[in-house]
S.K.: 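Please see the structure below; I have some questions.
Chain letters run A, B, ... following the sequence lines, proteins first, then strands; residues in each count from 1. Every value quoted in this text rests on a predicted model; they were computed, and no experiment measured them.
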There are 2 protein chains.
Amino acid sequence: MITQKAKYALRALTALAEADDGEPVMISDIAAQQKIPKKFLEQILLDLKHQGIVVSRRGKQGGYLLLKPADMITFGEVLRIIDGPIAPLPCLSITAYRKCDDCDGEQTCQIRHVFAKVADATRKVLFSTTIADAIAPARGTQVTRMLA
Amino acid sequence: MITQKAKYALRALTALAEADDGEPVMISDIAAQQKIPKKFLEQILLDLKHQGIVVSRRGKQGGYLLLKPADMITFGEVLRIIDGPIAPLPCLSITAYRKCDDCDGEQTCQIRHVFAKVADATRKVLFSTTIADAIAPARGTQVTRMLA
DNA sequence: TTAATCCCTATCAATTTAGTAGAGTTACAC
DNA sequence: GTGTAACTCTACTAAATTGATAGGGATTAA
């Protein structure tokens with residue numbers, strides 16, 4: 001299960017993508033539209049900003065904007081920022097690799113190579129699907145970008 | 001990430017499968033062989049017993065045995081028992097469906113149908129790989145059963 | 001009858017999750 | 001140049017989950 005926080009992050013990004021007209025969108029607007037607790041959303045957007053997914057404008061008339069085009073933001077990168085590693089085992093993580101302390105020998109680990117397949121399958125979906133795909137479901141995965 | 005508990009459960013089952021000669025295997029033996037805390041493993045095997053994966057014999061000369069052949073026990077069913085739903089969203093779970101309270105309309109939910117793909121891909125791997133596959137990695141997924 | 005083994009429930013410390021709170025900073029509008 | 005609407009940052013907290021540990025009870029082989 002992904003966290004509630006990750007769901008909020010993805011929803012917020014789709015909201016930003018849909019309103020993408022060069023004008024910043026206020027946290028309060030996104031919060032209201034997507035039913036996200038405002039103060040919680042503040043933290044989430046701040047994270048996304050620190051990680052280079054969105055930019056903000058402060059003061060009156062401020063708000064948030066996507067930093068990259070919506071078809072360049074994948075579900076995978078958002079999930080990594082918010083929920084951490086995609087991999088089902090630490091020893092399969094690309095961004096946060098850690099040796100399993102209870103298994104000796106990754107070549108021989110009976111569990112590991114099964115979950116390697118799971119990780120591959122999951123990544124294939126998550127990194128080929130973008131925020132743009134999410135707001136235009138009919139067009140199917142990656143089509144937006146491939147036609148561009 | 002799957003839990004440590006699930007990893008222990010899968011390892012314990014591979015241990016049982018490898019020793020599958022009709023004689024029960026003691027908790028202590030599995031614990032020692034797989035470096036699993038004994039009392040923790042007790043709980044895990046008890047769960048697996050209640051869910052019809054293994055059987056036990058009590059008293060002296062007791063221990064655990066697989067209830068089904070190793071090539072009939074999938075990673076998916078073990079993970080469900082130990083870690084709960086496979087699906088990344090409650091509204092995508094087969095065994096524990098629950099409506100997401102913050103999204104209205106599953107047909108229109110922009111997040112949901114992306115994670116439906118993730119769930120499908122994950123299930124495809126987890127329910128086509130068995131404990132038998134894990135202990136005979138060279139043979140590849142499902143081959144054991146397909147040649148039987 | 002004894003000792004080995006599984007059975008079951010309770011408890012616990014650490015971590016994670018899902019928020020809330022509040023003071024600080026910036027910048028537009030007047 | 002002041003007010004105020006907006007984002008920024010850090011700290012805190014309650015509840016749930018995780019990864020165990022503890023300890024007595026029930027059963028069975030020898």
S.K.: Is there a donor N/O on one and an acceptor N/O on the other, under 3.5 Å, for the side chain of Lys39(B) and the base of dG19(D)?
M.R.: no
S.K.: So does Gln43(A) reach the base of dC9(D) with its side chain, donor to acceptor, closer than 3.5 Å?
M.R.: no
S.K.: Using whole Å, what does the distance between atom C1' of nucleotide dA18(C) and atom CG of Leu41(A) come to?
M.R.: 13 Å
S.K.: Could you state the atom-to-atom distance from CG of Leu46(B) to P of dG25(D) in whole Å?
M.R.: 18 Å
S.K.: For dG19(C) and Tyr8(A) - does any side-chain N or O of the residue sit under 4.0 Å from the phosphate oxygens OP1/OP2?
M.R.: yes
S.K.: Under a 4.5 Å cut-off applied to non-hydrogen side-chain atoms, are Ile2(A) and Leu89(B) in contact?
M.R.: yes
S.K.: Between Thr3(B) and Asp83(B), do the side chains contain a donor N or O and an acceptor N or O under 3.5 Å apart?
M.R.: yes
S.K.: Find which nucleotide of DNA chain C each of Lys5(A) and Gly59(A) is nearest to by heavy atoms, and output the residue with the more 5' nucleotide.
M.R.: Lys5(A)
S.K.: What is the distance from CD1 of Ile82(B) to P of dT17(D), rounded to the nearest Å?
M.R.: 16 Å
S.K.: Confirm from the modelled atom types if Arg58(B) and dT5(C) form a donor-acceptor pair under 3.5 Å, side chain to base only.
M.R.: no
S.K.: Could you check how far CG of Asp47(A) sits from P of dG19(C), rounded to whole Å?
M.R.: 15 Å
S.K.: Between dT21(D), dC28(C), dC7(D), spot the one nearest the side chain of Met26(A), thanks.
M.R.: dC7(D)
S.K.: Apply the test side chain to side chain contact (heavy atoms under 4.5 Å, CB included) to residues Ile73(A) and Glu77(A): give CA-CA distance (whole Å), side-chain angles for both, the deciding distance (0.1 Å), then the verdict.
M.R.: CA-CA 7 Å; Ile73(A) 304 172; Glu77(A) 64 185 304; 4.3 Å; yes
S.K.: Let me spell it out: for each of Ser56(B) and Ile2(A), pick the nucleotide of DNA chain C with the closest heavy atom. Which residue's pick is nearer the 5' end?
M.R.: Ser56(B)
S.K.: Could you tell me the separation between the NZ atom of Lys60(B) and the P atom of dC6(C), rounded to a whole number of Å?
M.R.: 13 Å
S.K.: Could you tell me whether the phosphate oxygens of dC7(C), OP1 or OP2, come under 4.0 Å of any side-chain nitrogen or oxygen in Tyr64(B)?
M.R.: yes
S.K.: Think Lys49(B) has a side-chain N or O under 4.0 angstrom from the OP1 or OP2 of dC6(C)?
M.R.: no
S.K.: Between P on dT26(C) and CZ on Arg57(A), what's the gap in Å once rounded to a whole number?
M.R.: 17 Å
S.K.: Would you say a side-chain N or O of His50(B) is under 4.0 Å from OP1 or OP2 of dC8(C)?
M.R.: yes
S.K.: Between Glu23(B) (CD) and dT5(C) (C1'), how many Å, whole number?
M.R.: 15 Å
S.K.: So which one's nearest nucleotide on DNA chain D is more toward 5', Lys38(B) or Gln61(A)?
M.R.: Gln61(A)
S.K.: Please report the distance, rounded to the nearest Å, between CD in Gln4(B) and P in dT17(D).
M.R.: 19 Å
S.K.: Is any N or O donor-acceptor pair between the side chain of Lys7(B) and the base of dG19(D) shorter than 3.5 Å?
M.R.: no
S.K.: Go through it in stages, so that I can follow the logic: the residues are Tyr64(A) and Met26(A), the test is side chain to side chain contact (heavy atoms under 4.5 Å, CB included), and I'd like the CA-CA distance, side-chain angles, deciding distance and then a yes or no.
M.R.: CA-CA 6 Å; Tyr64(A) 276 91; Met26(A) 289 190 302; over 6 Å; no
S.K.: From dC7(D), dC7(C), dG19(C), pick the nucleotide closest to the side chain of Phe40(A)?
M.R.: dG19(C)
